[in-house]
Amino acid sequence: MLLTALTGIHGDRADALTVAGRTTSYEELLGAAGAVAADLAGAPFPAFAVTATASLETVAAVVGGLLAGLPCVPLPPDAGLAEREHILRDSGAHLIEVDYARRAVAPPTRTTAAPGDPALILYTSGTTGPPKGVVLSSAAIAADLDALAEAWQWSAEDTLVHGLPLFHVHGLVLGVLGALRTGSRLVHTGRPTPQAYAEAGGSLYFGVPTVWSRIAGAPQAAAALTGARLLVSGSAALPSPVFRDLERLTGHRIVERYGMTESLITLSGRAGGEVRPGTVGTPLTGIRTRIAAEPGADIGELQLTGPTLFSGYLGRPEATAAAYTEDGWFRTGDIAAVDEADGVHRIVGRASIDMIKSGGYRIGAGEVENALLDHPKVSEAVVVGVPDTDLGQRIVAFVVAEGVTGAELTEFVAAHLSTHKRPREVRFVAAVPRNAMGKPQKRLLLNEEYQERT
Ligand code: MLC
Ligand code: AMP
């Protein structure tokens, strides 16, 4: 059983989980999830989807799927029409609604699924094309959560606090399933605001760098985290100034960890260990890493093996095969360096300019470009991630178009894809700079001088 806390080994409590202001016990959760599982039993569809708002309903749906042995596809609640339709069509998932007040007569505590069976299908962006479904098994999730529990000394004594979305690895796998495996209390704050984190009174806090940077900018809220046991950052690079501000305001040296939807979390600093800003620690138990560097170079692509890896991209064997080297190592696409003395890893960048991380969300430039090109007034569109102190990178679109405003194009992308894939800025240009092969010269667009001229 993946969710060991639901088997009663740590007992129960009335306030086992709080999500966006509503509190529940394990027994109530199991009752609601059991009703979902009963509905799903013997389903004629290969997977089910739930609109993954930050709510107890989403938690009950995911747990219900695990009990029924049917993979869950959490749909981003802000997904636009095109993205929603793509995810439902690609996965064949049947969309369900959850009534948290319903209860199973005899809630099951065991699943009939095998550990290697698909448990979750999370849609994530590549550099081009629509998002792909990443299939994750219970075995991979269990291996990751156990390795993290060891690294962070995470236990039933903890109260975990975060307010991250429930349709990605960070908020859902670590932030919900992690609590239900370790038995720690969970307080999901609805939104990850500094105020909400300050009021939650937790021992263990998760956030993406944008969240930590906003907390560092709210000194009173930051001071309220002084009594916590451990603060953890991940999903994108934590800027060193944010690390230092948080240390000054909270007394904590925040632990950074590194992961991907496809690999789950693979590298982390350790609770009680030495933590250096700008580093993501050492491999978790079971994970091996190597750096594919050119001769003479000490940075190169980070490659991995281990039990936390995904089962493949749904229905895309070629894409799955392309994600591995010939000798079976997973290619992360991230560029890293390893300290020879202590094995501590540093992520120095991404191999592809087309993979953007904004507010911890992974966004493929090609996906946003295609959405813009679907607009009848747009003849060319090129999307880049521009460095941003709050978001890490912000999406900027350079378009050749007439008779349409930037705000209209932004809304058009939001309606097709989702809110967080909207360009923050649309710049109208006479032409997109291209090389002799006709490929857009994105590095030129990132050059400030060019941006000022246009
Ligand atoms: C956003 N807004 C816009 C806009 N973009 N309005 C107009 N034009 C645009 N282009 C709106 C938003 O809808 C919001 O409105 C308001 O502006 C503020 O937006 P924001 O600055 O983006 O803030 P916020 O919405 O608070 O988002 C910041 C954030 C969010 C940090 C809370 O980015 C977030 O939740 N990130 C987490 C991503 C994550 O979990 N990634 C993990 C991936 S798993 P309104 O009305 O809503 O206020 C992974 C593996 C691993 O990476 O290693 O963990
Ligand atoms: P996602 O698929 O949304 O899980 O995004 C995975 C990507 O997030 C990785 O390939 C990295 O580029 C980035 N990432 C995650 N954690 C970190 C980190 N601690 N430091 C730098 N980049 C990170």
Side-chain angles (χ1 to χ4, degrees), residues 52 54 76-78 122-127 131-132 134 136 144 148 162-175 178 189-194 196-197 206-215 232-239 243 254-269 277-281 301-302 304 308 310 323 330-336 345-352 355-364 368 385 388 390-397 406-407 409-414 417-426:
D78 68 340
L122 302 184
Y123 275 78
T124 193
S125 300
T127 51
K132 297 191 282 285
V134 172
L136 296 170
D144 205 51
L148 288 174
H162 73 93
L164 298 168
L166 300 189
F167 46 91
H168 282 311
V169 161
H170 199 161
L172 181 60
V173 176
L174 275 61
T189 57
R191 306 253 318 156
T193 61
Y197 274 41
F206 293 168
V208 297
T210 302
V211 168
W212 290 119
S213 151
R214 291 177 184 182
I215 290 173
V232 184
S233 179
S235 303
L238 182 75
F243 178 100
I254 189 165
V255 166
E256 196 172 354
R257 94 294 181 288
Y258 161 89
M260 281 185 83
T261 307
E262 290 88 337
S263 66
L264 301 178
I265 309 310
T266 48
L267 294 162
S268 182
T279 65
V280 293
E301 186 186 34
L302 174 67
L304 308 161
T308 65
F310 69 142
F330 176 70
R331 308 184 49 164
T332 64
D334 288 304
I335 308 297
H345 289 52
R346 205 157 45 84
I347 307 295
V348 296
R350 272 210 71 91
S352 171
M355 191 74 95
I356 300 170
K357 267 268 156 164
S358 188
Y361 284 116
R362 169 167 151 186
I363 301 144
V368 183
D388 185 280
D390 179 45
L391 298 166
Q393 288 182 299
R394 71 174 182 281
I395 306 175
V396 176
L409 289 179
T410 303
E411 273 318 302
F412 186 78
V413 172
L417 303 177
S418 60
T419 308
H420 62 268
K421 292 179 183 169
R422 277 189 283 192
R424 300 271 160 167
E425 281 171 58
V426 177

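Just so you know, ligand 1 is whichever comes first in the structure, and atom 1 is the first atom listed for that ligand. Computed from a predicted structure; not experimentally measured.
Within a 4.0 Å radius of atom 31 (C) of ligand 1, the protein contributes at least one heavy atom. Within a 4.0 Å radius of atom 15 (O) of ligand 1, the protein contributes no non-hydrogen atoms. For atom 10 (N) of ligand 1, the nearest protein heavy atom lies closer than 4.0 Å.
Atoms of ligand 2 found under 4.0 Å from any heavy atom of Tyr258, numbered from 1 in the order shown, are 11 (C), 16 (N), 17 (C), 19 (N), 23 (C). Close approach of ligand 1 to Ile265 is summarised as follows: ligand atoms under 4.0 Å from at least one heavy atom of the residue are 51 (C), 53 (O). Set against the non-hydrogen atoms of Met260, the atoms of ligand 2 under 4.0 Å away are 4 (O), 6 (C), 9 (C), 10 (O). Close approach to Arg257 involves these atoms of ligand 2, each under 4.0 Å from a residue heavy atom: 16 (N), 18 (C), 19 (N). For ligand 2, the atoms lying closer than 4.0 Å to a non-hydrogen atom of Glu256 are 18 (C), 19 (N), 20 (N).
Proximity of Phe243 to Glu256: side-chain heavy atoms (C-beta onward) are nowhere separated by under 4.5 Å.
For ligand 1, the polar-atom distance check finds an N/O of Pro423 within less than 3.5 Å of one of the ligand's N/O atoms. The shortest N or O to N or O distance between Thr410 and ligand 1 is not below 3.5 Å. Considering backbone and side-chain N/O atoms, Thr210 never comes within less than 3.5 Å of an N/O atom of ligand 1.
Looking at Lys357 against ligand 2, only its side chain comes within 4.0 Å, counting heavy atoms. At a 4.0 Å heavy-atom cut-off, ligand 2 does not touch Ser233 at all. Residue contacts with ligand 2 for Thr124 involve side-chain atoms from C-beta outward but no N, CA, C or O (heavy atoms, distance under 4.0 Å).
What sits closest to atom 10 (O) of ligand 2 on the protein, heavy atoms only, is Asp334 OD2, 2.5 Å. Of the protein's heavy atoms, Arg191 NH2, 2.9 Å lies nearest to atom 26 (O) of ligand 1. Scanning the protein for heavy atoms near atom 27 (O) of ligand 1, the closest one is Arg214 NH1, 4.1 Å.
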